[in-house]
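A quick write-up on the structure given underneath.
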Number of protein chains: 2
Amino acid sequence: MRADAARNRERVLATARLAAAEGDLSLQLNDIARRAGVGVGTVYRHFPTRRALLEGLAEETFAALLAQVRAASRRDDAWLGVADLLRALLVRQLTDPAFAEVISTGPDLDAAPATTAHRDAFDALARSVLQRARDEGLLRPGLTDEDLRHLVCGTAFALRIGDASAERIDRYLEVLLSGLQANTRG
Amino acid sequence: MRADAARNRERVLATARLAAAEGDLSLQLNDIARRAGVGVGTVYRHFPTRRALLEGLAEETFAALLAQVRAASRRDDAWLGVADLLRALLVRQLTDPAFAEVISTGPDLDAAPATTAHRDAFDALARSVLQRARDEGLLRPGLTDEDLRHLVCGTAFALRIGDASAERIDRYLEVLLSGLQANTRG
DNA sequence: CTTGAATCGGATAAATCATCCGTTTACTGC
DNA sequence: GCAGTAAACGGATGATTTATCCGATTCAAG
């Protein structure tokens with residue numbers, strides 16, 4: 001990749017990240033181009049769609065999440081591993097709305113290779129974490145790893161409705177975790 | 001309200017409902033106008049924004065939900081009342097995406113009076129249903145009625161990610177209900 | 001330094017949004 | 001009925017947003 005191309009790509013990403021941080025998730029490509037001081041064509045070349053730009057923004061977060069989940073998968077206590085996984089996936093979404101939007105939709109056919117790779121890596125890790133909990137009879141039967149991901153995305157959505165506070169995050173996480181647990185009562 | 005105005009309002013709503021049923025939730029007002037055979041101005045007069053149109057679409061569903069929740073509030077078993085309330089709120093969202101969008105956002109300042117009224121009525125009913133469960137010690141402490149609404153919206157969101165099937169709805173509802181229940185284990 | 005392939009920029013065509021106002025229509029009082 | 005009036009209509013149109021295309025420019029390899 002040519003040096004100027006790489007530089008511009010970064011510039012665009014930085015500008016988009018700034019816009020997102022300011023609460024503007026519309027990510028209008030013409031607008032981003034103007035703000036980044038590059039031509040519209042340049043933005044469209046690197047990121048043909050709003051979605052592509054979102055994936056670019058989410059990449060870092062995705063990588064950081066993977067590291068956390070790897071750690072969670074190495075915990076002694078299987079259930080705490082699940083709890084860590086869920087919390088990490090939840091908090092990352094609350095911290096990075098672009099990531100939330102990317103992870104909350106089915107795998108995209110023409111997603112960036114990096115996104116697909118991250119997704120696959122995450123799925124594999126999640127599967128193993130859950131399988132361990134399942135083997136130990138801690139997880140409510142019938143739940144797939146997809147269910148888990150969807151439910152966490154739903155919880156993130158629920159939290160985004162009101163105002164985010166650490167207490168609310170904890171509360172909703174407890175509800176979710178408790179609901180996922182195998183019910184050992186009658 | 002003049003007769004022609006009422007007629008046109010209905011025409012627009014019917015057309016929008018049709019579009020929504022076809023899966024097009026973008027509700028472009030110019031487009032709706034063309035399809036409904038009325039002028040753009042007419043649409044904008046009745047529904048100044050996409051949001052206003054959404055609220056118009058959601059009205060019927062909202063009313064139907066209220067009836068269901070009223071029934072739920074009269075159940076003998078307090079916990080089953082909660083279960084009915086949650087299921088009704090969830091299924092209505094899955095059935096009517098416009099309603100889902102309306103209920104999933106904070107009360108709008110310039111919402112249609114009908115929407116505000118429905119919202120208030122729902123909130124009051126939900127509060128009473130929950131209070132009863134709370135009084136009987138069935139509900140996890142610390143949960144507000146807002147939390148409940150948000151969590152159900154989140155569950156609807158989770159279900160919309162994948163493909164809807166009755167089994168999945170039941171599964172996610174069970175997870176949620178179980179998580180909301182007071183935890184009587186250690 | 002030359003060459004040519006990759007990249008750039010931004011003019012502009014296409015699509016979408018929302019207003020405004022001259023014309024038409026429904027209701028009211030007679 | 002009919003006239004008068006206020007309300008509603010329609011759609012032309014200006015403003016905004018989206019996305020493409022291609023002549024000009026820049027990079028890097030030899």
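These numbers come from a predicted model, not from an experiment. Below, chains carry the letters A, B, ... as their sequence lines are ordered, and counting in each starts from 1.
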What is the distance, rounded to the nearest whole Å, between atom OH of B:Y44 and atom P of C:dT16?
12 Å

We want to know whether A:R51 and A:T105 form a side-chain donor-acceptor pair, criterion being a heavy-atom distance below 3.5 angstrom.
yes

Should A:H46 be listed as having a side-chain N or O under 4.0 Å from OP1 or OP2 of C:dC8?
yes

Residues A:R140 and B:S178: side-chain donor-acceptor under 3.5 angstrom
yes

On DNA chain D, more 5' by nearest nucleotide between B:G41 and A:D4 is B:G41

Tell me whether the side-chain N/O atoms of A:T42 come closer than 4.0 Å to OP1 or OP2 in C:dT7.
no

Are OP1 or OP2 of D:dC9 and a side-chain N or O of B:R45 less than 4.0 angstrom apart?
yes

Counting only non-hydrogen atoms, which of residues 9-35 of chain A are less than 4.0 Å from DNA chain C?
none

Would you please classify the geometry between the A:F157 ring and the B:F157 ring as parallel, tilted or perpendicular, with 30° and 60° separating the classes?
parallel

In terms of side-chain heavy atoms of A:A3, which of D:dC27, C:dG9, D:dC9 is nearest?
D:dC27

Is the shortest side-chain N to carboxylate O distance from A:D163 to A:R168 below 4.0 Å?
no

Salt bridge (Lys or Arg N to Asp or Glu O under 4.0 Å) between A:R17 and A:E22, intermediate numbers included:
CA-CA 9 Å; A:R17 195 162 282 129; A:E22 286 169 1; over 6 Å; no

Between CZ of B:F47 and P of D:dA8 the distance, given in whole Å, is 14 Å

Have B:R92 and B:Q68 got a donor and an acceptor in their side chains that come within less than 3.5 Å?
yes

I want to check one thing: is the phosphate of D:dA8, taken as OP1 and OP2, less than 4.0 Å away from some side-chain N or O of B:N8?
no

Gap between atoms CE and P, on A:M1 and D:dA28 respectively (whole Å)
12 Å

Can you check whether any acceptor in the base of D:dA8 is under 3.5 Å from a donor in the side chain of B:R2, or vice versa?
no

